[in-house]
Amino acid sequence: MQTCWLVSGDSRHEPIALPDGTTVVVGRCRLTRIKDTRCSRQQISVQAMYSKRVVLIKQLGVNPTSIETVELGHHGEAELRPGQTLHVVNASYPMHVEFRGPASPPPSTLASASASASALAPAPTTSPSGRPSHLPKRAWHSPSGSDSQAGSIRKFLKFVGGKDRAKDNSPSVSPTKGNAQKSPTGQRGQPAHWSQSLRDAMDDPSVQIFRDDQVVVILDKFPKARHHWLVLPWRFVANVGVLRADHLPLLRHMHDVAERLSRQVQPLGAATAPPTFRLGYHAIPSMSRIHMHVISQDFDSPRLKTKKHWNSFTTGYFIDSEVVMRMVEEDGRVVIPEDTAELLKKPLQCHMCHREISTIPKLKEHLGTHKL
DNA sequence: GTTCTAGAAC
DNA sequence: GTTCTAGAAC
């Protein structure tokens with residue numbers, strides 16, 4: 001399948017998906033992570049034309065957008081080609097366009113489902129492979145001016161049986177509309193508590209990387225590693241504590257989907273190994289309804305800030321999916337030890353070499369030495 | 001879950 | 001003085 005991506009020249013943001021013929025509006029928004037007020041929230045519109053392998057850029061904002069050194073002018077348009085540098089505003093925020101892969105139909109329903117994830121997972125700029133590796137955005141809600149982006153990502157999703165289930169979500173809702181109606185208030189018109197927000201996120205197509213009739217996989221809103229996703233079943237299951245034997249088929253399916261998706265992630269560069277992942281559950285989760293974390297073990301993320309974050313993924317607080325399944329299989333349930341909450345307060349320890357490290361910044365520096 | 005910030009640690 | 005953490009508030 002051919003894909004097109006708007007890639008940051010300074011690694012400011014993750015690649016932005018540009019579906020064929022679809023206008024995507026970006027500027028000072030979460031997609032680009034540009035906070036500079038000289039940049040309009042809707043600075044440029046971007047439209048990829050796959051047949052010509054060019055991207056049409058239109059300057060919507062007042063301050064200058066340029067391709068190479070040529071300014072487009074207010075409401076001016078120009079074509080951006082692979083190899084050229086686009087500066088979003090005032091000769092800053094370089095981006096370029098990457099077309100990847102020839103069009104190829106998915107070989108099976110399973111592969112089709114996986115293809116949807118890979119379509120949303122482009123390689124970073126450093127990858128010469130041109131194959132998927134990074135994910136496009138982390139917002140739970142469409143940023144300003146990016147409705148077309150949400151729609152375009154929906155188009156990228158091909159679902160089992162070839163049906164666009166993003167528009168016809170049999171287990172729950174019509175995604176975009178559903179969000180508008182539910183957020184930010186709950187059923188009784190009261191503000192929804194933060195711990196309930198996963199339910200809304202499940203229906204947000206802009207963060208979905210996979211869905212089928214049993215589960216949906218979404219980008220974690222505050223990723224603690226380069227790749228951090230949540231696998232959520234449509235069927236309501238409160239937490240690991242309520243799991244019983246009849247949940248086993250679902251748990252296995254969640255595990256299988258997570259494994260399949262994580263295997264598709266490509267290495268950062270040609271010389272590096274593909275990322276390793278852990279699949280598992282927080283013993284005492286903050287967020288309502290069961291969710292499996294799928295997290296790459298680089299822990300390279302500005303969102304990883306506290307001892308609690310670290311220990312929740314590197315101590316017994318994080319229970320591997322396989323362990324959960326085995327406990328349910330053998331003991332009929334998952335038993336959480338009484339002192340589990342205390343694990344979050346443990347001294348910081350490198351998950352690779354087990355060295356104790358005094359502060360989070362030093363830990364992050366140390367992680368760099370492991371070349372994860 | 002995050003953000004904010006007082007005060008501890010350096 | 002600055003950095004960093006932990007707990008309150010949301």
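Note on naming: letters A, B, ... go to the chains in the order of the sequence lines (proteins, then strands), and numbering restarts at 1 for each one. As a basis for the values below, the full set of heavy atoms in this structure was taken, side chains included, without hydrogen atoms, waters or symmetry mates.
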May I have the distance from [X] (atom [atom1]) to [N] (atom [atom2]), rounded to whole angstrom?
X: A:K346; N: C:dT5; atom1: NZ; atom2: P; answer: 17 Å
X: A:I360; N: C:dC4; atom1: CD1; atom2: P; answer: 10 Å
X: A:R289; N: B:dG1; atom1: CZ; atom2: P; answer: 15 Å
X: A:W310; N: C:dT5; atom1: CH2; atom2: P; answer: 13 Å
X: A:F222; N: B:dC4; atom1: CZ; atom2: P; answer: 11 Å
X: A:H193; N: B:dG1; atom1: NE2; atom2: C1'; answer: 9 Å

With sugar-phosphate meaning primed atoms plus P, OP1 and OP2, does [X] contact a base, only sugar-phosphate, or nothing at under 4.0 Å between heavy atoms?
X: A:T359; value: sugar-phosphate
X: A:K308; value: nothing
X: A:K345; value: nothing

Q: Test A:W5 against A:T3 for side chain to side chain donor-acceptor pair (under 3.5 Å), laying out the working first.
A: CA-CA 7 Å; A:W5 304 91; A:T3 58; 2.9 Å; yes
Indicate yes or no: does A:R252 engage A:E259 in a salt bridge with an N to O separation below 4.0 Å.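 Salt bridge absent between A:R252 and A:E259.
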- Query: Are any of the side-chain nitrogens in A:D36 or A:R28 under 4.0 Å away from the carboxylate oxygens of its partner?
  - Reply: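 Salt bridge between A:D36 and A:R28, a charged N being under 4.0 Å from a carboxylate O: no.
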Q) Is it true that A:H293 and A:H291 have ring centroids separated by less than 6.0 Å? A)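 Here the rings of A:H291 and A:H293 have centres that are less than 6.0 Å from each other.
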